[in-house]
Number of protein chains: 4
Amino acid sequence: MIEIDKKSDTPIYEQIAQRIISQILSGSLRPGERIPSVRQLARQLSVNPNTIQKSYAGLLENGIIYSIKGKGDFVANNLNALRYMKKKELITELVQLTQEAKQAGLWIDELLSTVDSAYSERLI
Amino acid sequence: MIEIDKKSDTPIYEQIAQRIISQILSGSLRPGERIPSVRQLARQLSVNPNTIQKSYAGLLENGIIYSIKGKGDFVANNLNALRYMKKKELITELVQLTQEAKQAGLWIDELLSTVDSAYSERLI
Amino acid sequence: MIEIDKKSDTPIYEQIAQRIISQILSGSLRPGERIPSVRQLARQLSVNPNTIQKSYAGLLENGIIYSIKGKGDFVANNLNALRYMKKKELITELVQLTQEAKQAGLWIDELLSTVDSAYSERLI
Amino acid sequence: MIEIDKKSDTPIYEQIAQRIISQILSGSLRPGERIPSVRQLARQLSVNPNTIQKSYAGLLENGIIYSIKGKGDFVANNLNALRYMKKKELITELVQLTQEAKQAGLWIDELLSTVDSAYSERLI
DNA sequence: GTGGTCTAGACCACC
DNA sequence: GTGGTCTAGACCACT
């Protein structure tokens, strides 16, 4: 089940793409599996079909899904590449955040223990 | 010395505000000290004065600077509050990032060592 | 319907913000309802869109409205907080004014009867 | 003793004028009495003499002080007129404030009791 | 169509 | 010189 926040400042089409990617990464959508049709998802989220279309176009372009005319859109067999991409992205963000925190005067201990406890916590 | 990236997707006026804040946090701008005048900084960064104005308006509204008409803008005496705000903000981001990383399948060791080495690195 | 006074010494953008707030407080604009678009209101008041934008930016930052890109700006669900804020503000002003009046030699009866009759008066 | 707030957004020259007027109204400066010289007050408040000059020019124009070349500036014999002006001004403000409060949903009782207690309070 | 950002150029009050 | 407000016109991303 996908949920979006229309008030958020990250565009809806990107929110949807992120949700789908995270569903793939978490295994709740598997390679080869069909994802909801544009119209169906549009109805379900009460969002303009154009917006869904834009999400899917992005996923298609990055090889995360493939589409078969007349049948629908399916999760591609890219799981490892996808994981790798996401991982690199997260590491980059983490490096930036750490350096910013250092400059702002936080101690390394605070950062490490924050990461440690956040990792152990049960996800919401 | 302030540097900005006009191509970045974070607005110029916000980049400038962040730079000023980080200069205050790092101590290179002290409470009571004057910050560059709107026009001067505009010339220096080859940016429109209105854009600088917008940056300063934001800082003013948050009580980070105060302005005296005809004299200039000065760093307010909020250092502790500012540090606290920034710290809380960074910790929140770090928690989110950690949980996202966990869900994406990264190991705790990868995160901790990333933070550790990023912290030791010489800042650019 | 919003009216402004371009000659007033309170900036146009603030006049507009106040009008919107008072419309919310008086119930003529309800939470979730859309407020006029930037360009539309600009045309209607023959004011530059940037000025309207500045008004709305302030309301946005204070959580009084929220904006959805491509759709418009809407009244947030803050009515009680808003009422409380305004009330506290007005009471503070009233206290200051009263004390100033006392120091200037006005009698308490003059003040009370002024308030009383001003309150009964039909609003313009 | 006059005190000013350079950070305030009401101009310094106006702050000074207001202080002098309130000293006259409260009786601590009496008609015919000499007020501080421009240079003296400028030194005392560490303010540019031009600014003091502007204050005094305003007071002069409104007949609140008169100046004798080579001797200084003195409080005029206008006390009643001054009181009347100030009173009219305060009443006007009070009417506006009351109507705004009404529109914001405050009750007449709240306003009256606020005025009443503020009036009884010992001034700071 | 919508909001958001930016530029260029102007005017004002203040010090 | 300073900050603050406003106009006119442009571009962008989003729906």
Side-chain angles (χ1 to χ4, degrees), chain A residues 6-16 42 45-55, chain B residues 4 6-16 34-42 45-57 59-61 65-74, chain C residues 4 6-16 34-42 45-57 59-61 65-74, chain D residues 6-16 42 45-55:
Chain A
K6 291 192 183 179
K7 298 178 189 174
S8 163
D9 50 351
T10 69
I12 294 179
Y13 78 92
E14 202 180 320
Q15 288 186 52
I16 294 171
L45 303 177
S46 27
V47 154
N48 193 304
N50 287 330
T51 306
I52 311 286
Q53 190 62 38
K54 193 166 180 180
S55 290
Chain B
I4 56 167
K6 292 195 181 178
K7 295 169 193 164
S8 162
D9 52 347
T10 69
I12 296 179
Y13 77 91
E14 204 179 319
Q15 289 185 50
I16 293 170
R34 185 164 169 229
I35 65 177
S37 85
V38 171
R39 290 163 174 82
Q40 180 187 339
L41 191 53
L45 303 177
S46 22
V47 155
N48 189 290
N50 280 328
T51 306
I52 310 288
Q53 180 66 29
K54 196 168 179 180
S55 288
Y56 284 14
L59 295 171
L60 188 65
E61 209 166 315
I65 63 175
Y66 61 87
S67 84
I68 303 182
K69 271 186 198 168
K71 296 207 72 175
D73 297 292
F74 302 81
Chain C
I4 56 166
K6 292 195 182 179
K7 295 170 191 163
S8 162
D9 53 348
T10 70
I12 296 178
Y13 76 92
E14 203 179 320
Q15 289 185 51
I16 293 170
R34 183 162 171 232
I35 66 177
S37 84
V38 172
R39 291 164 176 80
Q40 180 187 340
L41 191 52
L45 303 177
S46 24
V47 155
N48 190 290
N50 280 327
T51 305
I52 310 288
Q53 179 66 31
K54 195 168 180 180
S55 288
Y56 285 13
L59 296 170
L60 188 65
E61 208 165 318
I65 63 175
Y66 61 87
S67 84
I68 303 183
K69 271 186 197 168
K71 298 207 71 175
D73 297 292
F74 302 82
Chain D
K6 291 192 182 179
K7 299 179 189 174
S8 162
D9 51 351
T10 69
I12 293 179
Y13 79 93
E14 203 179 319
Q15 288 186 52
I16 293 171
L45 303 176
S46 27
V47 154
N48 192 305
N50 288 329
T51 306
I52 310 287
Q53 190 62 36
K54 193 166 179 181
S55 289

At under 4.0 Å between heavy atoms, what does [X] touch on the DNA or RNA strands: base, sugar-phosphate, or nothing?
X: C:Asn50; answer: base
X: C:Val47; answer: sugar-phosphate
X: C:Ile65; answer: nothing
X: A:Ile52; answer: nothing

Quick one: [atom1] on [X] to [atom2] on [Y], what's the gap to the nearest 0.5 Å?
X: D:Lys54; Y: D:Asn48; atom1: NZ; atom2: CG; result: 11.5 Å
X: A:Ile12; Y: C:Ile68; atom1: CD1; atom2: CD1; result: 7.0 Å
X: B:Leu60; Y: B:Gln53; atom1: CG; atom2: CD; result: 9.0 Å

Does [X] reach the side chain of [Y], with side-chain heavy atoms less than 4.5 Å apart?
X: C:Pro36; Y: C:Tyr56; value: yes
X: B:Val47; Y: B:Lys6; value: yes
X: D:Leu45; Y: D:Ile16; value: yes

Students should find that the nucleotides of DNA chain F closing off the region near chain B, any atom under 4.0 angstrom from a heavy atom, are F:dG1 to F:dC6
For residues 6-13 of chain A, which residues have at least one heavy atom under 4.0 Å from DNA chain F? A:Pro11, A:Ile12, A:Tyr13
Under 3.5 Å for both pairing distances: what stems, at least three Watson-Crick or G-U pairs long, include DNA chain E? E:1-14 with F:1-14
Nearest-nucleotide check on DNA chain E, C:Pro36 vs B:Lys69; residue mapping nearer the 5' end is C:Pro36
Walking DNA chain E from its 5' end, the first of D:Glu14 and C:Gly70 to be reached, judged by nearest nucleotide, is C:Gly70
Please name the pair of heavy atoms, one in C:Val38 and one in C:Pro49, separated by the smallest distance, quoted to 0.1 Å. CG1-O, 3.5 Å
Shortest non-hydrogen separation from B:Gly72 to B:Arg34 and the atoms involved: CA-NE, 3.8 Å
Residue whose nearest DNA chain F nucleotide is more 5′ - C:Ile68 or B:Ala57: B:Ala57
Result for 5'-nearest mapping on DNA chain F, choosing between B:Val38 and C:Lys71, is B:Val38
Who passes side chain to side chain donor-acceptor pair (under 3.5 Å) against B:Ser46, sequence neighbours left out? none
Whole angstroms only, please: what is the NZ-P distance between D:Lys54 and E:dC15? 7 Å
Just jot down the ring-ring contact (aromatic ring centres under 6.0 Å, His included) partners of B:Tyr13, sequence neighbours excluded, or say none. none
Please list, chain by chain and in numerical order, all residues satisfying side-chain contact (heavy atoms from CB on, under 4.5 Å) with C:Glu61, sequence neighbours excluded. B:Glu61, B:Asn62
